[in-house]
Structures are given as C-alpha cells and as structure tokens.
Amino acid sequence: MKIFKLLILLLIVFSCSKPKLGEIGNYQVDLGNSKADFYVLMWERSMKTKKEKIYASYSNNKIHFSQGVIAGKPLHGKYKEVGVNGELLVSGGFHKGLKNGYWTIYNKDGDLLSDLTYKEGDTISVVNFYGENKELKSQIFPMKMQLEKEKKLQRKEKRLTKKAKCKAKYKSLFNRERKDSTNSVISPSDSTFSK
C-alpha cells in the first residue's frame, strides 16, 4: 500500500512540474563578450511560420536565427544582452520568435547607438543612429516605409492631376461660354417676349 501511495505521489509531482502549453521559461546564454537573458515558449503545439520572416529560437544552449523555420524553442518576451561588466548592450522583445516592440542598442559606455521598433519581425519605424553627445547622427527608413511613402506620393500626384484636369476642363467650358455670350447678338425676332 505504501508503494502505491509513493507511486501516486511521484506521478502527481512529475505531472505538475512539466511546463504547460504556452508556458514561458527564462534562460541565459553566454555570447562570448556578452550574456543574453531571454524568455522562450516552452511548449507550443504548432506555430505557423512565414518563409520571409527571420525567427529566433533557443536550442543546444545557443540562440539560432533562421528564415521561415523555428529551430528550437521560440524566443518570447523580454530580451537583453549585458556586457562583461554588467552594462546593458541590447534591449528588446520577441513574440513567438519574431522581434517585436522597441529595441535599443548601446555601446560599452552606456551611450545609445541606435533605436528602432519592430512589429512581428518587420521594422516599422525609422532606424535612428546617435552620436557621442546623444544627437541624432543619421536615419534609415525601412524598405516597407519607403514603399508606403512612394505609394502615398503617387496617390497624391494622381489626385492633383485629376484636380488639374478638372480645373482645365472647367476653365475651357467657362471660356467657351463667355466667348459665345460676347459674340452672339439677340435679334428682335429671337426675343421670347411678344407684344
């Protein structure tokens, strides 16, 4: 009877200690000159991936980046890299393996080098690069933003072209009516009034 109780107790302990679906685990990995502190999804049934996206995952005590596939447990939640002396080098986040949210990159002195925002693996903000005095040194617009900007300009030009055509048409009609009214002479027989 004691053995049976012990087996049931062990079964309960092992079933409770197993991570549940979607549970998050915290890990640290040595990257050589820095250390990464991050979270992963422990168990995920099946994740649909997009072949054009870059996914970050954890396996064999390493972080892997691969296009279109997840090669381990997907990174999920806060992510930071810390230097040998404890200085923050990189800060950001992941959502099911894709970079997500506001990311910052610092140098070893703690000065901000660049910042940008991701949404589901795509850069959605301007990438800002900063100088030594924290002044904005340069910016890079993501390709997606540039394409959207170009489309917006094309739509604006199209609207302006339509307006210009309408104005020209209206002007020509107005000028034609004006010409007709100045050239025509009303004869008494054309009059609609009768005596």
Hydrophobic cluster identity match, [X] and [Y], side-chain contacts under 4.5 Å:
X      : Y      : answer
Val82  : Tyr58  : no
Tyr102 : Ile105 : no
Ile63  : Leu88  : no

(request) Would you please classify the geometry between the Phe94 ring and the Trp103 ring as parallel, tilted or perpendicular, with 30° and 60° separating the classes? (result)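 If you compare the ring of Trp103 with that of Phe94, the planes turn out perpendicular.
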
Measure the shortest side-chain to side-chain distance between [X] and [Y] over non-hydrogen atoms and say whether it is less than 4.5 angstrom.
X      : Y      : result
Tyr39  : Lys73  : no
Thr117 : Lys119 : no
Tyr130 : Leu136 : yes
Lys96  : Leu41  : yes
Gln139 : Asn128 : yes
Gln67  : Lys53  : no
His64  : Ile70  : no

Give a yes or no answer on whether the side chain of [X] reaches the backbone of [Y] with a donor-acceptor pair at less than 3.5 Å.
X      : Y      : result
Asn100 : Glu120 : yes
Asn60  : Lys62  : no
Thr104 : Asp115 : no
Asn26  : Phe38  : yes

(request) Compare every heavy atom of Ser59 with every heavy atom of Ala71, then report the nearest pair and how far apart it is. (result)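 That closest heavy-atom pairing would be O-OG, 3.2 Å.
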
